[in-house]
Number of protein chains: 2
Amino acid sequence: MHGGHSHPDGDCCSSESPDRSASAVETLRQKGLRITEARRAMIRTLALSSIPLSADALHQKVGTDKVDRVTVYRSLDAFELAGVVQRHPLEKGRSLYALAATDHHHHHLVCRQCGKIERLSSCDTTAIEAAAKKRGYTQLTHVLEIYGLCPTCSHG
Amino acid sequence: MHGGHSHPDGDCCSSESPDRSASAVETLRQKGLRITEARRAMIRTLALSSIPLSADALHQKVGTDKVDRVTVYRSLDAFELAGVVQRHPLEKGRSLYALAATDHHHHHLVCRQCGKIERLSSCDTTAIEAAAKKRGYTQLTHVLEIYGLCPTCSHG
DNA sequence: ATGTCTGCAAATCCTTTGCATTTTA
DNA sequence: TAAAATGCAAAGGATTTGCAGACAT
């Protein structure tokens, strides 16, 4: 059990919108960030991926010779800050990144055995965030991931 | 921003039950785990803490001369597996550990500025877990943490 | 006694930082 | 050409592993 999951590239996060890359790039531009080949490549890769990717996976897919690992980290940070990618923290402390859903915020279902990740449509943490607001907290964000064994792994 | 938060030791996680340590130890025994001085000390420390502790904080509180850092990690793993501690993953990938609430599962409100942690009474992820079950997932667990700026830090 | 835990040391993994160089706007 | 982004190298910090000795049951 380590980084080498063979994700069966499910339907998670696949988007209907024809060009998510373009809008992501546009957002970056609006935020005053610069568009480089490295960033285009990363965004393109994220847009094509049907599942959220780890920094390392993204580095691999983009091509370790094309972009430096450090650049991947720095760009992902910038992207997250700009709101074009959503970070999904995992149990072990690693994170996965995906192009921020243009439609709505969501979370994932992660199989702890095979690593498969499915998208969950809804995100209703309103009640719990309301409690936080009531306590005077501001700038609220949250992390919610569900773990379990997928149907296949359940029967293993 | 690092390990050295000066948590104002709030009321989070403080428990009314007189002896949480004892029941935790009992659970370990039932699970076939061995009770050592190191483990007693760690459980005692966790039981006394009003807030979840990082592995390092626990190490410090127990006494770096009493127990090795490695033992802390290994024990926390064992404790988590045995269900006597609940792990709370943080945004940056670090984790905090607290004696599993004997009463009911809960989550936290974390100030990203000062690091203060408050307990949130309820945990209602039933709807989202139901969706997971419907997809055939088993052995479900989840991670839910809310981040924001506490009242004090909001005005800073 | 014997399988578990522990300590020590070293390794590993992921991520971050410093700085000189290249690139975008 | 000024600010931002990149690559390289090296540092950093948290966690993990290997193994011999200590300990609980």
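Because the structure is predicted, anything quoted here is derived from the model rather than measured. Below, chain A is the first sequence line, B the second, and so on; all start at residue 1.
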Give a yes/no answer on whether the side chain of A:Thr36 brings an N or O atom under 4.0 Å of OP1 or OP2 in D:dT6. yes
Within the structure, does a side-chain N or O atom of B:Arg74 lie under 4.0 Å from either OP1 or OP2 of D:dT16? no
Find the distance B:Glu37:CD to D:dA24:C1' and express it as a whole number of Å. 11 Å
Measure the angle between the two terminal helix axes of the helix from C:dA1-D:dT25 to C:dA25-D:dT1, five base pairs each, and quote it to 10°. 40°
Atom-to-atom span, CG of A:Leu28 to C1' of D:dA5 - whole angstrom: 13 Å
What is the distance, rounded to the nearest whole Å, between atom NE2 of B:His59 and atom P of D:dG13? 17 Å
Which residues in residues 63-73 of chain B have a heavy atom closer than 4.0 Å to any atom of DNA chain D? B:Arg69, B:Val70, B:Tyr73
Distances under 3.5 Å only, N/O to N/O: pair up the protein atoms with those of nucleotides 1-3 of chain D.
| residue | atom | partner | partner atom | Å |
| --- | --- | --- | --- | --- |
| D:dA3 | N3 | A:Arg34 | NH1 | 2.6 |
| D:dA3 | N3 | A:Arg34 | NH2 | 3.4 |

Within this structure, what is the CG-CZ distance for the pair B:Leu33 and B:Phe79, rounded to the nearest 0.5 Å? 8.0 Å
Residues two or more places apart in sequence or in another chain: which of them pass side chain to side chain contact (heavy atoms under 4.5 Å, CB included) with A:Thr45? A:Leu53, A:Leu58, A:Lys61, A:Val62
Mind calculating the distance between CD1 (B:Ile35) and P (C:dC5) to the nearest angstrom? 9 Å
Just how far, in rounded Å, is C1' of C:dT4 from CG of B:Leu81? 15 Å
When clusters are formed by joining ILVMFWY residues with side-chain heavy atoms under 4.5 Å apart, either directly or through shared neighbours, do B:Ile35 and B:Leu46 land in the same one? yes
Between CG of A:Leu96 and P of C:dC14 the distance, given in whole Å, is 12 Å
Residues passing the side-chain hydrogen bond (donor to acceptor under 3.5 Å, both in side chains) test with A:Glu80, sequence neighbours excluded, are A:Arg87
How many angstroms lie between atom OH of A:Tyr73 and atom NE2 of A:His59, to the nearest 0.5 angstrom? 9.5 Å
Have a look at B:Ala38 and say if it touches a base, only the backbone sugar-phosphate, or nothing, with a 4.0 Å heavy-atom cut-off. sugar-phosphate
Could you tell me the separation between the CG atom of A:Leu81 and the OG atom of A:Ser75, rounded to the nearest 0.5 Å? 12.5 Å
According to a hydrophobic-cluster definition based on side-chain heavy atoms being under 4.5 Å apart (Ile, Leu, Val, Met, Phe, Trp, Tyr only), do B:Leu48 and B:Leu96 belong together? no
Could you work out, with salt bridge (charged side-chain N to carboxylate O under 4.0 Å, His left out) as the rule, every residue matching A:Arg69, not counting sequence neighbours? none
Listed by chain and number, what are the side chain to side chain contact (heavy atoms under 4.5 Å, CB included) partners of B:Ala131, not counting sequence neighbours? A:Leu120
Whole angstroms only, please: what is the CG-P distance between A:Leu76 and D:dT6? 11 Å
Residue pairs involving residues 38-57 of chain B (criterion salt bridge (charged side-chain N to carboxylate O under 4.0 Å, His left out); sequence neighbours excluded): B:Glu37-B:Arg40
B:Ser95 side-chain N/O to D:dA14 phosphate OP1/OP2 under 4.0 Å: no
Comparing B:Tyr97 with B:Leu33, nearest DNA chain D nucleotide closer to 5' gives the residue B:Tyr97
Rounded at 0.5 Å granularity, tell me how far CG in B:Leu99 sits from OG in B:Ser21. 7.0 Å
Results of side chain to side chain contact (heavy atoms under 4.5 Å, CB included) for B:Ala38 - residues two or more places apart only: B:Thr36, B:Met42, B:Val67, B:Thr71
Looking across every strand, which nucleic acid part, if any, lies under 4.0 Å from B:Ser54 by heavy atom: base, sugar-phosphate, or nothing? nothing
Figure out the NZ/C1' separation between B:Lys31 and C:dC5, and round it to whole Å. 19 Å
